[in-house]
Amino acid sequence: MLKVRFAVVLLVASALVAAGCGNDDAPADSIGDAPIVNDVAGESEEDPTAVQSENADSSDDSALSEDSDESAEEKTAQDSPPQRIVSLSPSATEILFAIGAGPQVVAVDSYSYYPPEAPVTDLSGWDPNVEAVTAYEPDLVVISTDSNDLLAGLSAVGVPVLVSPAPSDIEGGYGSIAELGEATGHLDGARVLIEDLRSEIETALANAPEVSVRVYHELGESYFSASSASFIGAVYAAMGATNIADGADPDGIGFPQLTEEYIIESDPELIVITDQVAYTREDVLARPGWGEVTAIENNNVVVVNADIASRWGPRLPQFIAAVVDALSMVDG
């Protein structure tokens with residue numbers, strides 16, 4: 001049986017069990033690799049409170065290094081890469097195809113509908129079933145959170161599992177790409193993707209206006225938001241924006257739930273919502289009691305693509321570019 005960084009996987013599993021992490025505290029309705037809270041999406045695919053692995057936070061330089069003391073297990077993974085990969089993470093799916101591992105992917109979860117050639121199934125990353133996953137005879141399963149004790153169930157039947165949680169910042173995202181490249185035998189593809197993303201992101205950030213704008217990124221009508229402890233919030237931080245959610249996230253969970261009163265008092269100058277919430281930009285502008293909020297007064301409410309905004313991966317520069325445009329509008 002192919003061993004794909006199995007020691008790392010077991011270490012992550014131990015951390016998850018020790019922390020007692022689960023999905024009970026996750027927003028009721030969310031999709032992607034960050035919560036998108038709404039009444040339309042239905043099934044939830046990610047847990048914003050999940051423990052993040054140390055590997056996801058490592059830089060791509062260390063993750064892609066060719067050390068002489070490389071373990072035998074890592075060499076095995078590179079020499080005999082998996083040929084039947086099941087991805088239960090929309091972000092991981094996009095990365096796998098971007099680094100050249102697409103032909104090895106035999107099944108993905110129901111929300112991994114990008115890129116178009118991804119083999120979408122009715123598998124769930126939020127409520128996974130061991131038997132349903134093993135029916136595809138995988139030699140590697142990629143997950144973002146260990147829901148339903150999937151890791152233990154798959155390990156019990158000898159199926160390697162790679163836990164690839166959403167990164168907490170941009171650098172951590174490069175580490176996630178490197179890890180997937182190593183696990184699938186596509187280190188070169190991972191290097192190229194990382195280099196391209198660095199270049200595109202640096203260019204996008206260079207175009208950002210040099211102005212401190214108070215930003216509120218709204219994930220849904222229950223007022224969950226993305227603080228600077230999330231990769232979404234890290235984008236705003238990189239642009240010098242002031243994230244109003246930070247004050248409500250002392251523990252750094254990344255996705256705190258705000259109150260209407262808190263938001264109004266924080267007086268955001270820019271409000272960002274996604275195109276998958278169950279309301280419109282006009283609805284936000286017309287909210288009772290919000291008339292004196294600067295963003296409402298100045299008509300600075302923007303809509304971004306939910307998938308691009310909620311998933312770390314190859315399309316992140318598009319989200320950054322959208323935020324740059326929004327900040328430029330505020331600046332103007």
Side-chain angles (χ1 to χ4, degrees), residues 9 12-13 16-17 20-53 56 82 84-97 101-102 104-166 176 180 183 219-220 222 224 255 274 276-278 306-313:
V9 171
V12 174
L16 287 167
V17 172
C21 102
N23 298 323
D24 294 340
D25 296 329
D29 300 303
S30 61
I31 66 173
D33 289 327
I36 304 296
V37 186
N38 61 78
D39 295 327
V40 175
E43 186 177 359
S44 204
E45 285 301 306
E46 302 295 338
D47 178 3
T49 63
V51 174
Q52 298 183 354
S53 80
R84 297 188 61 82
I85 301 172
V86 171
S87 172
L88 301 182
S89 162
S91 283
T93 298
E94 293 194 23
I95 293 170
L96 288 168
F97 278 83
Q104 297 155 247
V105 178
V106 296
V108 300
D109 69 283
S110 59
Y111 280 105
S112 288
Y113 39 72
Y114 189 89
E117 60 267 31
V120 179
T121 70
D122 59 359
L123 292 175
S124 171
W126 179 254
D127 187 25
N129 177 277
V130 173
E131 289 75 18
V133 174
T134 56
Y136 290 93
E137 301 181 351
D139 50 14
L140 175 65
V141 175
V142 182
I143 62 177
S144 59
T145 59
D146 187 22
S147 302
N148 288 355
D149 292 324
L150 181 65
L151 195 154
L154 291 174
S155 298
V157 294
V159 177
V161 179
L162 176 62
V163 182
S164 182
S176 297
L180 284 166
L219 298 172
S222 52
F224 276 93
F255 300 98
T274 78
Q276 289 187 8
V277 292
D307 290 345
I308 294 174
S310 66
R311 302 174 184 178
W312 163 262

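In this text the structure is predicted, and so the values were computed from the model without any measurement.
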Considering only heavy atoms from C-beta outward, does the side chain of Phe255 approach that of Leu219 to under 4.5 Å?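 In contact.
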On a heavy-atom basis, which atom in Val142 and which in Ala92 lie closest, and how many Å separate them?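 Heavy atoms only, the tightest pair is CG1-CB, 3.6 Å.
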Heavy-atom pair of closest approach, residues Glu117 and Phe97: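 Closest approach of Glu117 to Phe97, heavy atoms only: CG-CE2, 3.6 Å.
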Main chain of Val108, side chain of Thr121: is a donor-acceptor contact present, judged purely on distance under 3.5 Å?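 Pair found, side chain donor or acceptor close to backbone of Val108.
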Does Pro90 reach the side chain of Ser112, with side-chain heavy atoms less than 4.5 Å apart?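 Yes, close enough: below the 4.5 Å cut-off.
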What is the minimum heavy-atom distance between Ser89 and Asp109, and which atoms define it?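 Residues Ser89 and Asp109, closest heavy atoms: N-OD1, 3.4 Å.
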Within the structure provided, determine whether Asn148 and Asn129 are in side-chain contact (heavy-atom separation under 4.5 Å).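 Counting from C-beta outward, Asn148 and Asn129 never come under 4.5 Å.
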If you look at every heavy atom in Leu96 and Leu180, which pair is closest and at what distance?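 Result for this residue pair: CD2-CD2, 4.2 Å.
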Is a side-chain donor or acceptor of Asp139 paired with a backbone partner of Pro82 at a separation under 3.5 angstrom?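 Here the side-chain-to-backbone pair does not exist.
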Determine the minimum heavy-atom distance between Tyr136 and Val106, stating which atoms define it.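 Between these two residues, the closest heavy atoms are O-CG2, 4.1 Å.
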Kindly determine whether Leu150 and Val161 satisfy side chain to side chain contact (heavy atoms under 4.5 Å, CB included), including the steps that lead there. CA-CA 9 Å; Leu150 181 65; Val161 179; over 6 Å; no
CD/Glu94 to CG/Asp307 distance, rounded to the nearest 0.5 angstrom?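 Going from CD on Glu94 over to CG on Asp307, the span is 7.0 Å.
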Report yes or no: does Asp149 contribute a side-chain atom to a donor-acceptor pair with the main-chain N or O of Ala152 at less than 3.5 Å?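 Answer holds: no.
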May I ask you to test the Asp146-Val163 pair for a side-chain heavy-atom distance under 4.5 Å?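 Asp146 vs Val163: side chains apart.
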Check whether any side-chain heavy atom of Leu123 sits under 4.5 Å from a side-chain heavy atom of Leu88, and report yes or no.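 Yes; the side chains approach each other to less than 4.5 Å.
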Ser87 and Thr93: side-chain donor and acceptor closer than 3.5 Å?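 The answer is yes; a qualifying pair exists.
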Please report the closest heavy-atom contact between Gln276 and Tyr113, naming both atoms and the distance.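 Closest approach of Gln276 to Tyr113, heavy atoms only: NE2-OH, 3.9 Å.
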